Amino acid sequence: DIQLTQSPSFLSASVGDRVTITCRASQGIDSYLAWYQLKPGKAPKLLIYAASTLQSGVPSRFSGSGSGTEFTLTISSLQPEDFATYYCQQLNSYPRTFGPGTKVDIK
Amino acid sequence: QVQLVESGGGVVQPGRSLRLSCAASGFTLRSYGMHWVRQAPGGGLEWVAFTWYDGTKSYYADSVEGRFTISRDSSKNTLYLQMNSLRAEDTALYYCARQKEGSGSYYPFDYWGQGTLVTVSS
């Protein structure tokens, strides 16, 4: 199975900050990676797939990059509605594993 | 618009069974691959199961293989997860999710429900 790690596991930031989250895969997965946003009581939301393709309707302040084993999710200017937990997921093979998550909290 | 609504969760004793449902609206279920994903209390996301758009193939996480069965009823536009021999470690919020089509060979999960809570406890 492909294992994913994320760093940091927690970050505290302010509105307007630039935030970067890293996801690393235990083996190469080309660009088969997605990012999701989770908020309590809400349905998870797809942000990015194919490592860097923005899902329709997602604000352009979100961007993704990387390929192979190292990937990043960047929020260029953090907004109040962005405080949430973010997960990466590999789409290369089954089981479709997720990273452990990064919680973005208000400083 | 696309909507997924899970139901069927509750409190169940270890060793018993439970069937979860996921009612789909705004799209035709038989045209899409569908997944179940769970999140244990205080934990992260864990992929559970997948069924092809036509139901001919399914995949399962090792942790549920042989105990859980994913299925669909196209006439009701509903996805199911039959869970047998439940264990305490199956306690989680269970989400159904649709697999995105038209994205090349990438198949992320583009729509999710809000989940239904399963608690396995004596």
Side-chain angles (χ1 to χ4, degrees), chain A residues 1-10 21 23 25 29-58 62 64 66-67 71 73 84-104, chain B residues 1-7 22-26 32-52 57-65 68 70 92-117:
Chain A
D1 297 359
I2 296 172
Q3 310 300 322
L4 298 177
T5 59
Q6 287 182 236
S7 60
S9 55
F10 177 86
I21 299 168
C23 176
I29 57 172
D30 197 5
S31 296
Y32 288 89
L33 191 98
W35 290 95
Y36 300 89
Q37 178 191 66
L38 265 75
K39 295 181 180 179
K42 289 198 158 186
K45 181 180 180 181
L46 172 65
L47 300 174
I48 286 168
Y49 64 95
S52 60
T53 301
L54 200 65
Q55 169 70 351
S56 176
V58 173
F62 290 92
S67 68
F71 304 85
L73 171 71
T85 302
Y86 294 86
Y87 292 86
C88 57
Q89 181 201 27
Q90 61 85 14
L91 307 173
N92 183 75
S93 61
Y94 285 94
R96 291 281 200 259
T97 44
F98 291 88
T102 296
K103 185 173 183 180
V104 178
Chain B
Q1 74 278 21
V2 171
Q3 196 170 11
L4 296 167
V5 179
E6 302 93 340
S7 61
C22 169
S25 58
Y32 290 85
M34 296 294 296
H35 298 262
W36 286 97
V37 177
R38 67 186 181 184
Q39 183 176 28
L45 296 174
E46 179 188 14
W47 174 82
V48 173
F50 166 68
T51 179
W52 275 31
K57 277 190 181 181
S58 300
Y59 302 116
Y60 297 92
D62 287 347
S63 57
V64 306
E65 179 84 58
F68 289 13
I70 188 171
L93 184 64
Y94 284 75
Y95 298 100
C96 62
R98 190 182 84 167
Q99 183 161 278
K100 184 178 175 70
E101 296 295 332
S103 52
S105 59
Y106 304 93
Y107 296 102
F109 303 174
D110 61 350
Y111 285 95
W112 299 59
Q114 292 192 321
T116 185
L117 182 62

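Keep in mind the model is a prediction, meaning the values are calculated, not measured. Convention: sequence-line order gives letters A, B, ...; per-chain numbering from 1.
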Can A/Ile21 and A/Trp35 be said to form a side-chain contact (heavy atoms from CB on, under 4.5 Å), step by step?
CA-CA 10 Å; A/Ile21 299 168; A/Trp35 290 95; 3.9 Å; yes
Region of B/Phe50 that comes under 4.5 Å of a non-hydrogen atom in chain A
side chain
The interface call for B/Val37 against chain A, heavy-atom contacts under 4.5 Å, is side chain
Using distance alone, with no hydrogens and no angle criterion, decide if A/Tyr32 and A/Ser93 have a side-chain donor and acceptor under 3.5 Å apart.
no
Does a side chain donor of either B/Tyr94 or B/Glu6 reach within less than 3.5 Å of an acceptor in the other side chain?
no
Is the backbone of B/Ile70 close enough, under 3.5 Å, to the side chain of B/Tyr60 for a donor and an acceptor to pair up by distance?
yes
With under 30° as parallel and over 60° as perpendicular, where do the rings of A/Phe62 and A/Tyr86 fit, or are they tilted in between?
tilted
Side chain, backbone, both or neither: which part of B/Gln3 has a heavy atom under 4.5 Å from chain A?
neither
Any idea how B/Phe109 and A/Phe98 line up, ring-wise: parallel (<30°), tilted (30 to 60°), or perpendicular (>60°)?
perpendicular
Part of A/Ser31 within contact of chain B (heavy atom distance under 4.5 Å):
both
For chain A, which candidate among B/Tyr106, B/Tyr111, B/Tyr95 shows the most heavy-atom pairs at distances under 4.5 Å?
B/Tyr106
Atom group of A/Ala34 that falls short of 4.5 Å from chain B, counting heavy atoms:
side chain
Between A/Asp1, A/Thr97, A/Leu38, which shows the greatest number of heavy-atom pairs under 4.5 Å with chain B?
A/Leu38
Non-hydrogen atoms of chain B under 4.5 Å away: do they reach the side chain of A/Leu33, the backbone, both or neither?
neither
